[in-house]
2 protein chains.
Amino acid sequence: MNQAIRLHQVASQLKATCNKCSLSNLCLPLAVEENDLERLEDIVLQGKIFNRGEHIFDQSTPFKSCFAVRSGSVKTSIITEGGDEQVTGFFMPGELIGLDSMATDNYACTAKVLERTSVCEFPVDKLEQLTRMLPELQHHMYHLMSQEIQNSHQLAMLLSKNTAEERIAALLLSLSSRFQRRRMSPTNFSLPMARNDIANFLGLAVETVSRVFTRFQNQGIIKARGREVELLDVEALQLVTCDFARQGCR
Amino acid sequence: MNQAIRLHQVASQLKATCNKCSLSNLCLPLAVEENDLERLEDIVLQGKIFNRGEHIFDQSTPFKSCFAVRSGSVKTSIITEGGDEQVTGFFMPGELIGLDSMATDNYACTAKVLERTSVCEFPVDKLEQLTRMLPELQHHMYHLMSQEIQNSHQLAMLLSKNTAEERIAALLLSLSSRFQRRRMSPTNFSLPMARNDIANFLGLAVETVSRVFTRFQNQGIIKARGREVELLDVEALQLVTCDFARQGCR
DNA sequence: ACTTGTATTAGATATAGATCAATTTTGACA
DNA sequence: TGTCAAAATTGATCTATATCTAATACAAGT
């Protein structure tokens, strides 16, 4: 087989699969009309694979692209000059990474892959051009970025107002609903991240995270063996997060 | 004077002053070419005035517009079902409010005016249309929203990793640089918000905020009488925030 | 299977900052 | 100018969670 043919095969593999992607109802294609889809497919670089621990991009390297998670999971974090890490988010299939970097020349955070992960790359210059031509896509971008702001406010709220138990319950419920969106079990999943990352994300010590997990387990709210988690009593978890309910219980 | 003439006067007062606005180098006009400016001016509703304590918009009312602060200052906050408030930001002249609401049908927070304040209103439907025609404006919107995400991450970081002193030093420095942007004194200003709001924003008790203020004062880093603040030693404040430096000092 | 490093769990202690209680200051309005 | 409510400060305790230490479980590579 000559090289030209092989290249052609590779090219057609890479191209034009947004419409076949099982995540199209979560990801950017969601906002694009059937017949405009190929324009999005034209700019996307699909199917980049990273192995556990590899970086999709690094803080302070030139910002070029946003990335959609196809499979696997990603952790983003900011590293301070002092070497402190602050985990800013966990990203699951269908979610878009890099929106926090569009204000700066360099990436504003580092994106590290938590397990073998496949992503689609959207070069921002092209994406920005495309959003000018596809109003729905532009609207969707505003939507996603706004959502990201809200998420972050929600996190700030959790960090400043809630106890360790409340924070962890909230995280478990967030993960749960995100698994559900992907039509996976909302009560039976395996955490993509280590206790350490959870602790960092939620502003707690690892030990505290561990203790809360065992406490929840003793109360029969969850069952956890390592990263394998089963939510036995979702209502109880919701009660833990909801301070309104808590007030009522006093 | 007949009514037609009076209306005309009002209309021309309202219209076409973005190019004369002293904040045009901070606000949306910044991104717009001289000759496109009137299109921005066409959609903006200028000079709405609110008195201290009034709401520009309320959480859970239909989202319609973003607002740029012209003069005065604004506090945004989220109220939980339990009645808890979380202050999500303080906004000064030239800054844009409402970017966190573009993902939802209703406003995601409540915007309360901290003093007599004038704002410009940008109806989002028109703004979104306009950004399609003015690439620079679209780019600027992405920029602003991304910045907002970063700010919020920064806040989350502050809340989860920093001490009371560090948080307050960071806030003072942030305010300082924002006053400076507006060519006002970076060392001598009056806080637009109450201690209560500072405490809420930074995830502290009011008492703690008060104590840190007096501690800083005793150390000769600042001088504070009520809301009037003078930064006597900006370097010292920077040292407080920078954990790198702190490590070195141990 | 065995080693070695890493992640998780567990117990004991320390502490920053919350909470409670009281006082002083400020500012708005009659 | 005096009155009153809200805001700010100060002091005394209390507590959730960090920190320190150590034990145990787990995973990867030889």
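If you're wondering where the values come from, they're calculated on a predicted model, not measured in any experiment. Residue numbers start from 1 in every chain, and the chains themselves are labelled A, B, ... in the order their sequence lines are given, proteins ahead of strands. Values below: every heavy atom of this structure, side chains too, minus hydrogens, waters and symmetry copies.
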Undergrad: Residues of residues 202-219 of chain B with any non-hydrogen atom less than 4.0 angstrom from an atom of DNA chain D: list those, numerically ordered, please.
TA: E207(B), S210(B), R211(B), T214(B)

Undergrad: In chain order, what residues pass the side-chain contact (heavy atoms from CB on, under 4.5 Å) check against S160(A), with sequence neighbours excluded?
TA: Q86(B), L159(B)

Undergrad: Which is it for R215(A) and E165(A) under the salt bridge (Lys or Arg N to Asp or Glu O under 4.0 Å) test, yes or no, and what are the steps along the way?
TA: CA-CA 9 Å; R215(A) 215 176 303 155; E165(A) 296 201 351; 2.6 Å; yes

Undergrad: Measure the angle between the two terminal helix axes of the helix from dA1(C)-dT30(D) to dA30(C)-dT1(D), five base pairs each, and quote it to 10°.
TA: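 For the helix from dA1(C)-dT30(D) to dA30(C)-dT1(D), the axes at opposite ends meet at about 50°.
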
Undergrad: What heavy-atom pair brings F50(B) and V119(B) nearest, and what distance separates the two atoms?
TA: CE1-CG2, 3.6 Å

Undergrad: Surrounding CZ of R52(A) (heavy atoms of other residues, nucleotides or ligands, distance under 6.0 Å), is the total greater than 12?
TA: no

Undergrad: If the test is side-chain hydrogen bond (donor to acceptor under 3.5 Å, both in side chains), which one of T110(A), N200(A), T88(A), D197(A) qualifies with K75(A)?
TA: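 When side-chain hydrogen bond (donor to acceptor under 3.5 Å, both in side chains) is applied between K75(A) and each of T110(A), N200(A), T88(A), D197(A), only D197(A) qualifies.
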
Undergrad: Start at the 5' end of DNA chain C and walk down; is the nucleotide closest to R52(B) or to R167(B) reached first?
TA: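 Upstream on the strand: R167(B).
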
Undergrad: Please find the earliest and latest nucleotides of DNA chain C, in the 5' to 3' direction, that have an atom within less than 4.0 Å of any heavy atom of chain A.
TA: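 Answer, 5' to 3': dT8(C) to dA12(C).
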
Undergrad: Would you check, one step at a time, whether the test salt bridge (Lys or Arg N to Asp or Glu O under 4.0 Å) holds for R225(B) with E230(B)?
TA: CA-CA 9 Å; R225(B) 266 195 332 288; E230(B) 184 175 359; over 6 Å; no

Undergrad: What I want to check is whether the side chains of S65(A) and E121(A) have a donor and an acceptor closer together than 3.5 Å.
TA: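 Side-chain D/A pair, S65(A) to E121(A): present.
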
Undergrad: With no hydrogens and no angle check, do the side chains of S174(B) and R178(B) hold a donor and an acceptor under 3.5 Å apart?
TA: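 Looking only at side-chain atoms, R178(B) and S174(B) do form a donor-acceptor pair, the distance falling under 3.5 Å.
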
Undergrad: What is the distance from atom CD of Q219(B) to atom CG of L232(B), rounded to the nearest 0.5 Å?
TA: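 Answer for the CD-CG pair, Q219(B) versus L232(B), is 12.0 Å.
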
Undergrad: Just do the side-chain contact (heavy atoms from CB on, under 4.5 Å) check on I49(B) and T117(B) with the steps written out, would you?
TA: CA-CA 6 Å; I49(B) 307 246; T117(B) 291; over 6 Å; no

Undergrad: With a cut-off of 6.0 Å (strictly less than), are more than 12 heavy atoms of other residues, nucleotides or ligands near CG of N51(A)?
TA: yes

Undergrad: What is the first contacted nucleotide of DNA chain D and what is the last, in 5' to 3' order, if contact means an atom lying under 4.0 angstrom from a heavy atom of chain B?
TA: dA8(D) to dA12(D)

Undergrad: Want to settle it: does E165(A) or M193(B) sit nearer the 5' end of DNA chain D, counting the closest nucleotide to each?
TA: M193(B)

Undergrad: Check side-chain contact (heavy atoms from CB on, under 4.5 Å) between S190(A) and all other residues, then give those that pass, not counting sequence neighbours.
TA: E228(A)

Undergrad: Would you call the rings of Y107(B) and F67(B) parallel, tilted or perpendicular, taking 30° and 60° as the class edges?
TA: tilted

